Each structure stands twice: as C-alpha cells, then as structure tokens.
*Asks:* 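Please see the structure below; I have some questions.
Bear in mind that the values here come from a model prediction, so they are computed numbers and not experimental data.
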2 protein chains.
Amino acid sequence: MDNVDRETTQKIMDLFSRFRRLHRACPIPGIKHSEMRILFGVKKSLKVHGCGARISDLSRGMRVTSPTVTQLVNSLESSGLVERTTDPQDRRSIRVILTKKGEETLQTAADAFFSEFHGLVKHLGEEKSQQLIELLTESFNYLRSNTPTKFAGETE
Amino acid sequence: MDNVDRETTQKIMDLFSRFRRLHRACPIPGIKHSEMRILFGVKKSLKVHGCGARISDLSRGMRVTSPTVTQLVNSLESSGLVERTTDPQDRRSIRVILTKKGEETLQTAADAFFSEFHGLVKHLGEEKSQQLIELLTESFNYLRSNTPTKFAGETE
DNA sequence: AAAAATTAGGTAGGTAACCTACCTAATTAT
DNA sequence: ATAATTAGGTAGGTTACCTACCTAATTTTT
C-alpha cells in the first residue's frame, strides 16, 4: 500500500465518519426525524397503493424492526398526526393513515427538507450531483457486500 | 424546478439518509465505536504533541461536549485501555494516555477499520476516490454553511 | 493581596433512535 | 383440529450523544 493510497483512505474514513454525524436536525419543532420518516412512508403508501401502510410495510421500507415502528406510530398517534385503522381483509393487520394535521405537517416538513437538499443540488450543479449519486451508490453497494460491518436492518 | 432536478434531489436525500445509518459496526468486541474515536484521538496527541490528550482537546477534536468525553474516558479507563495522568503545568488539566493494552487494541482496530476503507478505495480506484473526497467535502461545507441544520458539536 | 472571572473537568439526568426477547391474536397449512 | 406462521405489541436495554449545574484551579482585575 503506497502513501497516496493511505492518505486517500484516511480522508475517506474521516469524511464518512463526519457524514454519519451530520444529522440531528429537527425539521419541525415537536416532531422527530425518525417520525418524519414514518410520515413519508405512510404518504407513499397512500399514494402508491391507495391505502394506509401496515407496520410491516413501514418496517421494511425504513429498514428498522417492527417494534421500532410501533413506538414511532404510537408517538405520532398521540400527537394526532396519524391514525390506526383496521384492515378488513386481515384483522391482524392495521393500516396507518395520515390525519389532516399529519398531511399538513408532512407537507411543511417535506418542503423544508427538500429545499435544503435542493440547495445542495443547485450548489453542486447537475453534473457533480449525478457523480455524487453514482459514487455514493457504488460505495454503498461495496460496503454492504464486502465488509463484516453490520448495516441497519439489513434483511433483504 | 424541473423534473430532473427533483429526481436528483430525491436521490441525494435518500442516499444521505442511508449513509447516515451505515455504521453500528463494532470493530472489536467489547469496545464501542465512540470509544475507538477517543483512542484514535489520544494516539494522535501522543504522536503529534508527545503528551497525553486533555479532555478539552478530545472534545474539540471529536466535536462532542466535554461531559461526553468524560464518560467515554471513564469507560475506557475501567476497561484498562487508557489512564488519566495529571498535568504538572496545570493542575486543572488531566492528560489521557494509552496503556499497553490500549495501544494493542487500537492497533488491531485501526487495522480492521483501515482495511475496510482501503478495500473501498481499491474498489473505486484512485480517480473516483479523489472525486468522492472532493464531492463529499464540498457537500459538507455547503450543508454546514447554508442550512439551519444543527451539526454535531459545531462550535468552531 | 483579595475578589471576581474564567477554565478544566466531573456528576446527574435526559433524549433519539435504535435493538432483542418475548407475548397474543389472527390466519394459513397440514 | 392442530401446528406453524404472520402481524403487531410490550418490556427493557444500548449507543451516542446532550444540557444544567457543580467544584477546583488558575487568571485577571481592582
């Protein structure tokens, strides 16, 4: 391993480590980032399948375990942002839907989120943004398949 | 905002979200990732300044608060990986140094860590690795300066 | 030199975002 | 009918942080 290699590796390690800790944003006061992800998931289900999301759907989509989803849905439910409805087809399942307040909150947060990242895309420009997408995807795939690193909820 | 833009932004958001959750590796059983970072910091201080690291040095270097460092150093101390020594120049300060066991543990973990990322660098190749470094750095700088997002321990 | 301010580190207790182990109710397969 | 599977929930734990507040040592100000 030559020195250029060593330095490059060191820099990549450093950047990954910093990016890992880049979050902790609260797009909207009173709502957590992980809850936002649930809201996004429910909305997507509503849009794509025309019905609420099951706990297991959200679990798969977010790559977290179902107890984690249960807790987040509980929290969103007590904030009045989502509702649990029963699935007439399968009484074991529940369908999580957005309340009116949930819809509104999601809209606001999505806009804020989006504009932040859209700012980045504009800043980098189309070409660099595409490059970044490709490089991150490639890195992600490599790390997923070639290291003993445990990935969050890697079950598929 | 056109559709290409929208799609690009969506992808970047997604990738960032996934990368944020890409960690949770325990390089060495019995030692946590955050503790490893302390070990790295102490080693660096020993190498660069020839003396142990102060709590405040580690806090600045890791971009976390000093109580966080205190706890991690406590944990490492009770595992026998580091030791607190008093600074004769300033009796308020302590100097954290590595024990023999700490040196060994660090070496093993550093190798494991390094080879994981070195694998990525080899996989991507020198050119793409450099590109990734540049793009991540640029993105990081942008996000740091242009969003209300709270960054971990951003105090400098 | 005495009082005030600052700095280094520590303690107590909290939070977000996860997890595992285990449980019940409903459905499906044998 | 019984067994297995699936959906969701409960209880309790972990990691990686944080804020508020405290004491002891050092500096600065008067």
*Asks:* Please state whether the phosphate of D/dA16, meaning OP1 or OP2, lies under 4.0 angstrom from any side-chain nitrogen or oxygen of B/Thr68.
*Replies:*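 For D/dA16, neither OP1 nor OP2 has a side-chain N or O of B/Thr68 closer than 4.0 Å.
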*Asks:* Taking the minimum atom-to-atom distance to the side chain of A/Pro67, which one of C/dG9, D/dA11, C/dC18 wins?
*Replies:*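 My answer, after comparing the listed nucleotides, is D/dA11.
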*Asks:* In whole Å, I'd like the distance from the CD1 atom of B/Ile31 to the C1' atom of D/dA16.
*Replies:*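 After rounding, the gap between these two atoms is 15 Å.
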*Asks:* Less than 4.0 angstrom between a side-chain N/O of A/Ser66 and OP1 or OP2 of D/dG9, yes or no?
*Replies:*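 No, because none of the side-chain N or O atoms of A/Ser66 sits under 4.0 Å from OP1 or OP2 of D/dG9.
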*Asks:* Contacts to DNA chain D from residues 89-98 of chain A, heavy-atom cutoff under 4.0 Å, which residues?
*Replies:*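 Correct list: A/Arg92, A/Ser93, A/Ile94.
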*Asks:* How close or far is atom P of D/dT26 from atom CG of B/Asp87, stated in whole angstroms?
*Replies:*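 Roughly 10 Å, once rounded to whole Å.
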*Asks:* Just the rounded figure in Å: distance from P of C/dG10 to CZ of B/Arg54.
*Replies:*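 Rounding to the nearest Å, CZ of B/Arg54 and P of C/dG10 are 13 Å apart.
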*Asks:* Nearest whole angstrom, please: distance from the C1' of C/dA17 to the CG of A/Leu58.
*Replies:*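 Going from A/Leu58 (CG) to C/dA17 (C1'), I get 16 Å.
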*Asks:* If you look only at pairs with a residue in residues 42-51 of chain A, which of them pass as a side-chain hydrogen bond (donor to acceptor under 3.5 Å, both in side chains), with sequence neighbours excluded?
*Replies:*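 side-chain hydrogen bond (donor to acceptor under 3.5 Å, both in side chains) check on residues 42-51 of chain A returns A/Lys43-A/Glu103.
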*Asks:* For A/Ser56 and A/Ser59, which I'm curious about, is there any donor-acceptor pair between the side chains at under 3.5 Å?
*Replies:*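 Side-chain D/A pair, A/Ser56 to A/Ser59: absent.
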*Asks:* Under 4.0 Å from OP1 or OP2 of C/dT20: is there any side-chain N or O of A/Thr65 that close?
*Replies:*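 The answer is no; no side-chain N or O of A/Thr65 sits under 4.0 Å from OP1 or OP2.
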*Asks:* Of A/Ser34 and B/Gln71, whose nearest nucleotide on DNA chain C comes first from the 5' end?
*Replies:*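 Between the two, 5'-proximity favours B/Gln71.
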*Asks:* Let's see if you can work this out: which of C/dC19, C/dG10, D/dC17 has an atom nearest to the side-chain heavy atoms of B/Val64?
*Replies:*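 Looking only at side-chain atoms, B/Val64 lies closest to D/dC17.
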*Asks:* Can you check whether B/Phe113 and B/His118 have ring centres sitting under 6.0 Å from each other?
*Replies:*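 For B/Phe113 and B/His118, the ring centres are not under 6.0 Å apart.
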*Asks:* Ignoring hydrogens and angles, state whether a donor on the side chain of A/Thr105 or A/Thr108 is under 3.5 Å from an acceptor on the partner side chain.
*Replies:*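 Short answer, no.
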*Asks:* Supply the atom-to-atom distance B/Lys32 NZ to B/Arg37 CZ, rounded to the nearest 0.5 angstrom.
*Replies:*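 Answer for the NZ-CZ pair, B/Lys32 versus B/Arg37, is 14.0 Å.
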*Asks:* Could you check how far CG of B/Asn74 sits from C1' of C/dG10, rounded to whole Å?
*Replies:*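 Rounded to the whole Å, the gap is 8 Å.
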*Asks:* Rounded to whole angstroms, how far apart are NZ on B/Lys32 and C1' on C/dC19?
*Replies:*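 About 15 Å, once rounded to whole Å.
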*Asks:* Round to a whole Å and report the spacing from CD1 of B/Ile38 to P of C/dG9.
*Replies:*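 For the pair B/Ile38 CD1 and C/dG9 P, the rounded distance is 12 Å.
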*Asks:* Do the two ring centres, one from B/Phe117 and one from B/His123, sit under 6.0 Å apart?
*Replies:*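 For B/Phe117 and B/His123, the ring centres are not under 6.0 Å apart.
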*Asks:* Hey, what do you get for CG (B/Leu15) to CG (A/Leu135), rounding to the nearest 0.5 Å?
*Replies:*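 The distance works out to 10.5 Å.
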*Asks:* Do the side-chain N or O atoms of A/Arg84 get closer than 4.0 angstrom to the phosphate oxygens (OP1, OP2) of D/dG9?
*Replies:*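 Checking D/dG9 against A/Arg84, a side-chain N or O does come within under 4.0 Å of OP1 or OP2.
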*Asks:* Rounded to the nearest angstrom, tell me the gap between atom CG in A/Leu76 and atom P in C/dA17.
*Replies:*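 So the CG-P distance, A/Leu76 to C/dA17, works out to 11 Å.
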